[in-house]
Trainee: 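The following block contains the structure, expressed as structure tokens.
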Amino acid sequence: MRMSHLYMPTIKEDPADADVVSNKLLIRAGMVRQLVSGVYSYMPLGNRVLKKVEKIVREEQDAAGFQEVLMSALQPRELWDKTGRWADFGPEMFKLEDRKGREFCLGPTHEEYFTDFVKNELNSYKQLPLIIYQIQSKYRDERRPRAGLIRCREFLMKDAYNFDIDEEGMVKSYEKVWESYEKTFDRLGFDYRIVRGDSGNMGGNVSHEFIAITSGGEAQIAYCKDCDYSATDEIAECVTKNYDESDEMLTPEKVHTPDVKTIDQLNEYFNLPRKKFVKTLLFKAEGEVFAVMLPGDRDLNITKLSKYLEVHPDRIEMLVEGEINDLTGSHLGFVGPFGLKDSVRLIIDSRVKKMKNFIVGANEIDYHLKNANIQEDLECEIVKDLLNAKVGDECPECGGTIDIQTGIEVGNIFQFGTKYSKALDATFLDKNGVAQHFWMGSHGIGVSRIVAALVEQNHDDYGIIWPLNVAPYQAIVSILNTKDEERVALGEKIYEDLKAKGVEVLLDDRNERAGVKFNDMDLIGIPLRVVVGRKASEGIIEYSTRDEMDKAEISTEDAIDRIVTAVENIK
RNA sequence: CGGGUUGUGGCGCAGUUUGGUAGCGCACUACGCUGGGGGUGUAGUGGCCGCUGGUUCAAAUCCAGUCAACCCGACCA
């Protein structure tokens, strides 16, 4: 492709709206543009990258024996009512009506449709197991789209669904998908971790997430420095022995603490570490009121609380100031476990149960209780773990040290058994001629999100550094001065030779100054680069790669040879 | 949905406090010089100042409403 004709509007300054580096660079490099919040379009270079990522994803799915299909994105409401997810998804779903008033949505995911489809088409265990997938735009009306391509309302996703005769088969399918994902993310060159995930509203038991590690990514993971343990922050088990577990229980004592309400203030007022305090948080959900006790130096993990209560996390609300007194008899900043109204359920993290002689609110304005302890006769519910894991915790598996990293979730896999097949009554006949529900799982890869994650992991101050196998073009030939006929002739020749050898190559034949060409070349991140410059008359060019940037003066034949070899070696 | 910020040529911004002819840089067009890291000269093109209403002789500027975008915050590829 000649750059004099390439639709590649690069931008010199950072766009004001873009915050994350991938969004900035993709916009500046003329690869994507935003239409409205969370909706993006791809220009030629961006589209080529997207298609290459898609191709790698597809190849690995096909290699694993999964079969590609394409289901409609437009789906009728009835399908979703059968599983209750028309209501569950709520405002996250883009809904619309046809001219007759029938309700539809744009698919945010496809469990219902795939299950319904298979139900109508597959009847026998002999046709199982089956894993089918599609690559298609998904639509989710996110409460807050952000970070460019990372969190969109329209995004390209590969979603796969497995149908098995029993649990064992489902687990085998899960493992096959797992392997195909490892191959995919390995090929993409990602630095990533596979972590245990929460199954969210997909329902079910086991899930894992594939997290591309980037600083400032929105997914937090806890992992063990000493073994393979890793999990998302939502479910990572918190193990810590940070607390005073002495046997001696001192006598409780009321202490005047005027206007000292937060753990920070207590810390300062008593000059004691945060772990000597206990915080009591008040929540309501489903008409009940809860007091939750945690060590003062720890944060509540809402997912864990939600699981314990068996209530959707969105339904759990913190009490506001006015409600606290009415509903619990306590006061904001001075809440404690003793003397709450009987209707308040007292829920205690197991660490608090073991803590001795801590300081906690006295349920009286301007008073805290010193030397408080959870006595055996206190009516309460002890929950093993309600805390967010933290750097320095103990690994729940090997006792090693836990660390926290952030990243971007680029893939995830779920086992959900017969949840959807039962809801949609999707069955097959087993060996004995008995109808059985399919055992299923669903598995996603965020194709468009991968484009952003790749940029997050592969860039420098000058621009994007595309890996060779996803680069929009593999090579670029830049003619520095297009008024110099010798250089033009040589550049054209190299360009034609590379094209003839099957290399995807750009020719920078624009009548621009050298600086513009160098800067654009760096920005758009083409991996293999030939600069035709001063030594063109001797047949010598400058060869460099985008990641190394070191220029080597070599012959044109040598350069072509290196480029062709590099391209042939692409996995 | 709460909290915060911002809407002025394609992009980045000033002007709003104190109402009075809409500006700067980049980009773009034409011609020239230059030709190894976003060069330069001359001459140009392009804007109902997000939208609606109000105050006023007069509104980018003041007032009210509304819409949109971005950032922080409770599960999402």
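Chain identifiers are assigned alphabetically (A, B, ...) following the order of the sequence lines, protein sequences preceding nucleic acid strands; residue numbering begins at 1 within each chain.
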Trainee: Without swapping roles, check the side chain of A:R449 against the backbone of A:I150 for a donor-acceptor pair under 3.5 Å.
Mentor: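 Present.
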
Trainee: Can you sort out which residues in residues 505-523 of chain A have a heavy atom within less than 4.0 Å of RNA chain B? Ascending by number, please.
Mentor: A:N511, A:E512, A:R513, A:A514, A:G515, A:V516, A:F518, A:N519, A:D520, A:D522

Trainee: Is it the case that A:E456 and A:S22 place a side-chain donor and acceptor less than 3.5 Å from each other?
Mentor: yes

Trainee: Please give the nucleotide sitting opposite B:C70 as a Watson-Crick or G-U wobble pair, both distances under 3.5 Å, or none.
Mentor: B:G4

Trainee: Whom does B:G36 pair with, Watson-Crick or G-U wobble, provided both distances fall under 3.5 Å?
Mentor: none

Trainee: When rounded to the nearest Å, what value does the distance between P atoms of B:G38 and B:G47 take?
Mentor: 32 Å

Trainee: Which nucleotide, B:G12, B:C76, B:C71, lies nearest any side-chain atom of A:R146?
Mentor: B:C71

Trainee: Mind checking what makes side chain to side chain donor-acceptor pair (under 3.5 Å) contact with A:K55, not counting sequence neighbours?
Mentor: A:E59

Trainee: Quick one: A:H443 NE2 to B:C76 P, roughly how many Å, whole number?
Mentor: 17 Å

Trainee: Listed by chain and number, what are the side chain to side chain donor-acceptor pair (under 3.5 Å) partners of A:D116, not counting sequence neighbours?
Mentor: none

Trainee: Rounded to whole angstrom, note down the P distance from B:G20 over to B:C62.
Mentor: 11 Å

Trainee: Tell me whether A:N458 contacts the main-chain N or O of A:L454 through its side chain, where contact means a donor paired with an acceptor under 3.5 Å.
Mentor: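 Flag set: sc A:N458 to bb A:L454 pair under 3.5 Å.
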
Trainee: Under a 3.5 Å limit for both distances, which nucleotide forms a Watson-Crick or G-U wobble pair with B:A59, could you say?
Mentor: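 When the pairing criteria are applied, nothing turns out to pair with B:A59, so the answer is none.
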
Trainee: Sort out the partner of B:C31 for me: Watson-Crick or G-U wobble, both distances under 3.5 Å, none otherwise.
Mentor: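 Partner of B:C31: B:G41.
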
Trainee: For the pair made of CE in A:M93 and P in B:C76, what is the distance, rounded to whole Å?
Mentor: 13 Å

Trainee: I'd like to know if the side chain of A:Q457 and the backbone of A:I213 have a donor-acceptor N/O pair within less than 3.5 Å.
Mentor: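 Yes; at least one donor-acceptor contact below 3.5 Å.
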
Trainee: Picking from B:A77, B:C26, B:A69, which would you name as closest to the side chain of A:D17?
Mentor: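 The answer is B:A69, which lies nearest to the side chain.
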
Trainee: Return the nucleotide paired to B:G65: Watson-Crick means purine N1 to pyrimidine N3 with N6-O4 or O6-N4, wobble means G-U with N1-O2 and O6-N3, both under 3.5 Å.
Mentor: B:C51

Trainee: Between A:F185 and A:Y192, does the ring centroid distance fall short of 6.0 Å?
Mentor: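 Between A:F185 and A:Y192, the centre distance is under 6.0 Å.
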
Trainee: Taking the same atom, P, in B:C31 and in B:C72, what whole-Å distance lies between them?
Mentor: 48 Å

Trainee: Under 4.5 Å between any side-chain heavy atoms of A:K517 and A:M3, yes or no?
Mentor: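 They are not in side-chain contact.
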
Trainee: Please name all residues satisfying side chain to side chain donor-acceptor pair (under 3.5 Å) with A:E142, sequence neighbours left out, ordered by chain then number.
Mentor: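 Only A:R151 meet the side chain to side chain donor-acceptor pair (under 3.5 Å) criterion with A:E142.
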
Trainee: Is a side-chain donor or acceptor of A:S41 paired with a backbone partner of A:Q34 at a separation under 3.5 angstrom?
Mentor: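 Not confirmed, A:S41 side chain does not pair with A:Q34 backbone.
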
Trainee: By nearest atom, which of the nucleotides B:A27, B:G36, B:C76 is closest to the A:K551 side chain?
Mentor: B:G36

Trainee: Of all the nucleotides listed (B:C76, B:C71, B:A77), which has the minimum atom distance to the side chain of A:D19?
Mentor: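 So the nucleotide nearest the side chain must be B:C71.
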
Trainee: Taking all non-hydrogen atoms of both residues into account, name the closest pair between A:I524 and A:A29 and its distance.
Mentor: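 In terms of heavy atoms, the two residues are closest at CG2-O, 3.8 Å.
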
Trainee: Between A:E142 and A:D14, name the one whose nearest nucleotide on RNA chain B is closer to the 5' end.
Mentor: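 Between the two, 5'-proximity favours A:D14.
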
Trainee: Picking from B:A77, B:C71, B:G12, which would you name as closest to the side chain of A:R140?
Mentor: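 For A:R140, the side-chain atoms sit closest to B:A77.
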
Trainee: Output the rounded distance in Å from CD1 (A:I11) to P (B:C26).
Mentor: 16 Å

Trainee: P atom, B:C71 versus B:A27: distance in rounded Å?
Mentor: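 Per the computed distance, 28 Å lies between those P atoms.
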
Trainee: Find the distance A:I540:CD1 to B:G36:P and express it as a whole number of Å.
Mentor: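 Distance check: A:I540 CD1 to B:G36 P gives 19 Å.
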
Trainee: Say whether, by atom type as modelled, one donor and one acceptor occur between the side chain of A:N162 and the main chain of A:G441 under 3.5 angstrom.
Mentor: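 Looks like yes, one N/O pair under 3.5 Å.
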
Trainee: Under 4.0 Å, counting only non-hydrogen atoms across every strand here, what does A:E13 touch: a base, just sugar-phosphate, or nothing?
Mentor: base

Trainee: Using atom P of each nucleotide, how far apart are B:A74 and B:C67 to the nearest Å?
Mentor: 26 Å

Trainee: Look up atom CE in A:M31 and atom CG in A:L523, then write down how far apart they are to the nearest 0.5 Å.
Mentor: 7.0 Å

Trainee: Which is true for A:I445 with a 4.0 Å heavy-atom rule: it touches a base, it touches only sugar-phosphate, or it touches nothing?
Mentor: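 It contacts sugar-phosphate atoms only.
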
Trainee: Name the nucleic acid region contacted by A:A452, choosing base, sugar-phosphate or nothing; use a 4.0 angstrom heavy-atom cut-off, strictly under.
Mentor: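 A:A452: no heavy atom of the nucleic acid under 4.0 Å.
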
Trainee: Rounded to whole angstrom, note down the C1' distance from B:U5 over to B:U45.
Mentor: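 Taking atom C1' in both B:U5 and B:U45, they lie 34 Å apart.
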
Trainee: Roughly, in whole Å, what's the span from CZ in A:R85 to C1' in B:C76?
Mentor: 13 Å

Trainee: Does A:Q220 reach a base, just sugar-phosphate, or nothing at all? Heavy atoms under 4.0 Å.
Mentor: nothing

Trainee: Report the distance from atom CZ of A:R144 to atom C1' of B:U5, rounded to the nearest whole Å.
Mentor: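 Taking CZ of A:R144 and C1' of B:U5, I get 12 Å after rounding.
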
Trainee: Which whole number of Å gives the distance between the P atom of B:A30 and that of B:G9?
Mentor: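 The answer is 24 Å between these two P atoms.
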
Trainee: Nearest whole angstrom, please: distance from the P of B:A77 to the CG of A:L188.
Mentor: 18 Å

Trainee: Without swapping roles, check the side chain of A:N388 against the backbone of A:K390 for a donor-acceptor pair under 3.5 Å.
Mentor: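 Not a single qualifying donor-acceptor pair exists.
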
Trainee: Which parts of residues 23-37 of chain A get close to RNA chain B, meaning a heavy atom less than 4.0 angstrom away?
Mentor: A:R28, A:Q34, A:V36, A:S37

Trainee: Distance check, C1' atoms only: B:C51 and B:C57, in whole angstrom units.
Mentor: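 Comparing C1' positions in B:C51 and B:C57 gives a spacing of 25 Å.
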
Trainee: Looking at residues 529-538 of chain A, who's got a heavy atom less than 4.0 Å off RNA chain B?
Mentor: A:G533, A:R534

Trainee: For B:G9, which nucleotide is its Watson-Crick or G-U wobble mate, given both distances must be under 3.5 Å?
Mentor: none

Trainee: Under 3.5 Å for both donor-acceptor distances, Watson-Crick or wobble: does B:U17 have a partner, and if so which one?
Mentor: none

Trainee: Would you check if there is a donor-acceptor pair between the side chains of A:Y139 and A:D141 at a distance under 3.5 Å?
Mentor: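 No, A:Y139 and A:D141 have no side-chain donor paired with an acceptor closer than 3.5 Å.
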
Trainee: What's the OH-C1' distance between A:Y40 and B:A69, to the nearest Å?
Mentor: 10 Å

